[in-house]
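Chain identifiers are assigned alphabetically (A, B, ...) following the order of the sequence lines, protein sequences preceding nucleic acid strands; residue numbering begins at 1 within each chain.
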Protein chains: 2
Amino acid sequence: MVVTVYDVAQATGLSIASVSRALNGRPGVSAATSERIVKIAADMGYQPNEVARSLVAKATQTIALLVPDITNPFFPELVKGVQSVADEGDQLLLLLDAPSDPHRLADRLAALRRKQVDGVIVVASELDSADDDLFHGIPGVFLDRAGSGSAPSVSVDQEQAAYLATRHLISRGHRRIAHVLGPENLAVSALRRRGWERACHEAGLPADDDLVFHGDFLEEGGFHAAEQILDARDGITAVFAANDLSAIGVLACCAARGVSVPEDLSVIGLDGIELARFTAPALTTVAQPIRELGERACALLLDVISGAPAGDVVLPVRLIDGASVQAHSGDGGGSPTNGGQR
Amino acid sequence: MVVTVYDVAQATGLSIASVSRALNGRPGVSAATSERIVKIAADMGYQPNEVARSLVAKATQTIALLVPDITNPFFPELVKGVQSVADEGDQLLLLLDAPSDPHRLADRLAALRRKQVDGVIVVASELDSADDDLFHGIPGVFLDRAGSGSAPSVSVDQEQAAYLATRHLISRGHRRIAHVLGPENLAVSALRRRGWERACHEAGLPADDDLVFHGDFLEEGGFHAAEQILDARDGITAVFAANDLSAIGVLACCAARGVSVPEDLSVIGLDGIELARFTAPALTTVAQPIRELGERACALLLDVISGAPAGDVVLPVRLIDGASVQAHSGDGGGSPTNGGQR
DNA sequence: GTGAAAGCGCTAACAG
DNA sequence: CTGTTAGCGCTTTCAC
């Protein structure tokens with residue numbers, strides 16, 4: 001039914017050894033025979049069985065990427081980055097969703113190990129406990145989570161990113177800045193909150209619980225948080241949402257209630273997803289170099305696999321000026337605001 | 001280094017056959033020994049090598065999902081659907097991006113075949129030529145593309161969906177309705193355009209080239225198209241964007257130019273992505289049952305793999321009322337519009 | 001340059 | 001109930 005090296009050997013009248021050599025371009029066959037073998041194999045529609053090959057090679061040319069929630073636009077952009085270098089390295093990329101439950105995550109990882117994947121990248125932004133040797137022997141790297149010891153990582157300084165976002169609002173004269181949290185159990189959420197706090201404290205501004213609103217990194221949570229912010233109002237003139245999706249939820253709520261952004265309320269996000277350019281108004285945000293994060297992570301993994309020394313990588317963020325932040329009448333330093341793009 | 005059945009056999013003093021039986025819960029071992037084997041194996045940290053197992057089983061318990069552009073939010077939602085039933089079926093799901101170039105697509109498929117995946121789902125919305133036996137022997141199903149003959153498919157009636165979207169605008173009194181196209185080379189684009197045309201013609205409305213604007217299924221293209229629409233204006237009071245992402249681009253452009261939606265221009269999309277609920281204003285759109293499409297496709301594939309008879313599946317769409325469409329002063333029939341949600 | 005044979009780790013007859 | 005023995009399809013020594 002399916003044609004194997006045996007069939008090719010028989011058809012050519014040669015041994016499977018020669019066939020294998022020829023098909024893999026390995027030396028030890030005369031150019032002439034090699035050519036003949038390749039041609040006949042092609043004619044017969046021979047396709048090597050990678051499973052058999054992997055069994056002897058003890059390598060599968062396959063790496064896995066575990067992503068917490070493919071539905072969040074941040075991750076697909078990350079995937080693109082990983083994909084591009086995986087392709088270059090001729091590795092097949094398996095994308096799968098990572099259970100947030102560390103126990104189930106470990107199971108998935110074990111399954112991958114049994115499948116003999118050559119390496120694993122886990123996007124651990126939404127993972128809390130940095131669990132010891134999650135990887136249990138297989139080469140692995142963490143993406144979007146700072147050094148957890150057990151494996152090299154590629155990430156940005158989340159606390160700093162949040163700090164910068166908040167600084168931006170402060171420089172525009174805002175004195176009461178609300179923060180929409182990420183999911184409470186995540187390390188990133190805590191880091192981003194801390195960055196916001198640091199910026200506020202440093203500027204002598206309040207950063208107490210009254211200014212903190214629950215969120216979930218999704219539009220829904222941002223929308224909800226905004227409802228509460230708008231209900232309370234409480235002198236708040238700006239909000240720093242823990243990520244862009246939350247910020248989009250905030251914008252949606254404002255629109256629904258006729259609160260105009262940035263005139264009545266300034267909004268800043270964090271992530272720099274593509275979509276942020278197409279909100280109304282365009283979202284001001286602190287962007288992570290998303291694609292590059294993916295690329296570096298994959299390159300790093302390839303290094304680890306080949307046994308090269310590998311250290312942690314931390315990439316810089318940068319502010320992207322949209323039209324969702326406006327100078328507030330207060331004092332405040334900073335240059336005059338960009339008043340929107342219309 | 002890695003522990004194998006041999007090591008376990010040695011440790012228990014039994015044969016590899018018994019070990020294999022016990023580990024797989026197959027009959028032919030006494031409960032007592034079986035228990036002992038399992039325990040010892042666990043202690044030793046034994047992990048079966050799936051590659052070896054696959055070689056003999058001639059099955060990998062793995063299916064692949066080829067998606068054109070994971071960056072378009074439509075697809076991640078689809079993935080979720082597929083994932084859920086793949087999990088139930090204990091199949092590992094490989095997600096990979098499908099080159100739009102049919103030649104490179106064929107290569108990818110060939111690679112998957114060599115990897116011995118048990119089946120493949122190809123999201124073919126963005127594929128033009130329905131190429132004969134793309135699958136070349138491996139069980140496969142098409143997702144989001146109507147019957148192409150070579151493999152069963154799961155889809156919605158795209159022409160009808162577009163027709164419904166346009167009908168909705170017409171029922172709100174709009175008489176000059178622009179259409180933002182999808183990528184020109186795609187079959188879906190043509191179908192959606194045709195649906196728009198049918199609705200217009202049927203109502204005695206114009207559907208000529210002046211009303212058709214290029215797009216790319218992305219925000220960018222929608223934004224661009226909107227610029228042209230607003231520049232020309234030309235009596236246009238509503239636009240039907242070929243997909244939600246395009247519609248989002250249109251909304252962004254309107255916002256940037258101070259054109260209010262739906263007061264000055266009504267906008268309707270097609271897809272029903274999650275995000276459509278959080279635009280400003282919330283997008284009115286014809287929704288595909290995205291998750292269910294994924295679920296059905298995977299279920300169908302599982303059927304095909306197990307040799308069960310499998311027919312094409314067509315799922316219904318439904319209108320989701322947002323706040324981006326408003327009744328137009330003209331005549332028009334239909335019930336009074338929902339004036340926005342604020 | 002070419003072939004015979006061993007073996008990757010596992011499952012599945014077939015004997016005992 | 002348990003062990004021996006063949007392979008699955010391929011790569012790779014090791015002889016010739």
Side-chain angles (χ1 to χ4, degrees), chain A residues 1-38 40-41 44-62 110-118 137-138, chain B residues 1-38 40-41 44-62 110-118 137-138:
Chain A
M1 167 79 237
V2 178
V3 9
T4 76
V5 271
Y6 264 92
D7 303 320
V8 178
Q10 194 162 350
T12 56
L14 294 165
S15 73
I16 61 168
S18 297
V19 171
S20 175
R21 283 191 274 254
L23 260 21
N24 293 300
R26 247 182 262 314
V29 234
S30 73
T33 32
S34 177
E35 210 173 299
R36 202 166 64 86
I37 292 174
V38 169
I40 294 192
M44 299 177 70
Y46 170 77
Q47 293 284 96
N49 180 329
E50 294 286 348
V51 170
R53 196 198 291 257
S54 295
L55 182 57
V56 21
K58 288 175 181 309
T60 50
Q61 302 284 63
T62 301
L112 290 171
R113 194 155 80 89
R114 288 193 291 266
K115 289 272 185 202
Q116 313 295 119
V117 298
D118 293 344
I138 23 177
Chain B
M1 167 79 231
V2 178
V3 9
T4 75
V5 270
Y6 265 91
D7 303 319
V8 178
Q10 194 162 353
T12 56
L14 294 165
S15 72
I16 59 166
S18 297
V19 170
S20 175
R21 283 190 274 255
L23 260 20
N24 294 300
R26 244 181 266 312
V29 232
S30 75
T33 31
S34 176
E35 211 172 300
R36 201 165 66 87
I37 292 173
V38 170
I40 294 191
M44 299 176 72
Y46 170 78
Q47 293 282 99
N49 181 328
E50 293 286 349
V51 171
R53 198 198 289 255
S54 296
L55 182 57
V56 21
K58 289 175 181 307
T60 52
Q61 302 284 63
T62 302
L112 289 172
R113 193 153 81 92
R114 288 194 292 268
K115 288 271 184 202
Q116 315 294 121
V117 299
D118 293 346
I138 23 176

Under 4.0 Å, heavy atoms only, any strand: does [X] hit a base, just the sugar-phosphate, or nothing?
X: B:Leu14; result: sugar-phosphate
X: A:Ser20; result: base
X: A:Arg21; result: base
X: A:Thr33; result: sugar-phosphate

Is the backbone N or O of A:Ala32 less than 3.5 Å from a side-chain atom of A:Ser34, with the two atoms forming a donor-acceptor pair by type?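 No, the answer is negative, given that no donor and acceptor are paired below the 3.5 Å cut-off.
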Got a donor-acceptor contact below 3.5 angstrom from the A:Thr12 side chain to the A:Val8 backbone?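 Indeed, once roles are kept as given, a pair shorter than 3.5 Å links the two residues.
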Side-chain N or O of [X] closer than 4.0 Å to phosphate OP1/OP2 of [N]:
X: B:Lys58; N: C:dT11; answer: no
X: A:Ser30; N: C:dT2; answer: yes
X: B:Asn24; N: C:dT11; answer: yes
X: A:Thr4; N: D:dG9; answer: no
X: B:Ser15; N: D:dT2; answer: no
X: A:Tyr46; N: D:dC10; answer: yes

Distance, nearest 0.5 Å, that separates [atom1] of [X] from [atom2] of [Y]:
X: A:Ser54; Y: B:Arg114; atom1: OG; atom2: CZ; answer: 11.5 Å
X: A:Lys115; Y: B:Asn49; atom1: NZ; atom2: CG; answer: 10.5 Å
X: B:Glu50; Y: A:Gln116; atom1: CD; atom2: CD; answer: 8.5 Å

By nearest heavy atom, map B:Ala52 and A:Arg26 onto DNA chain D; which one lands nearer the 5' end?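 Nearest nucleotide further toward 5': that of B:Ala52.
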Take the C1' atoms of the five end pairs on each side of the helix from C:dG1-D:dC16 to C:dG16-D:dC1, derive the two axes, and give their angle rounded to 10 degrees.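 Taking the rotation axis at each end, their angle is 40°.
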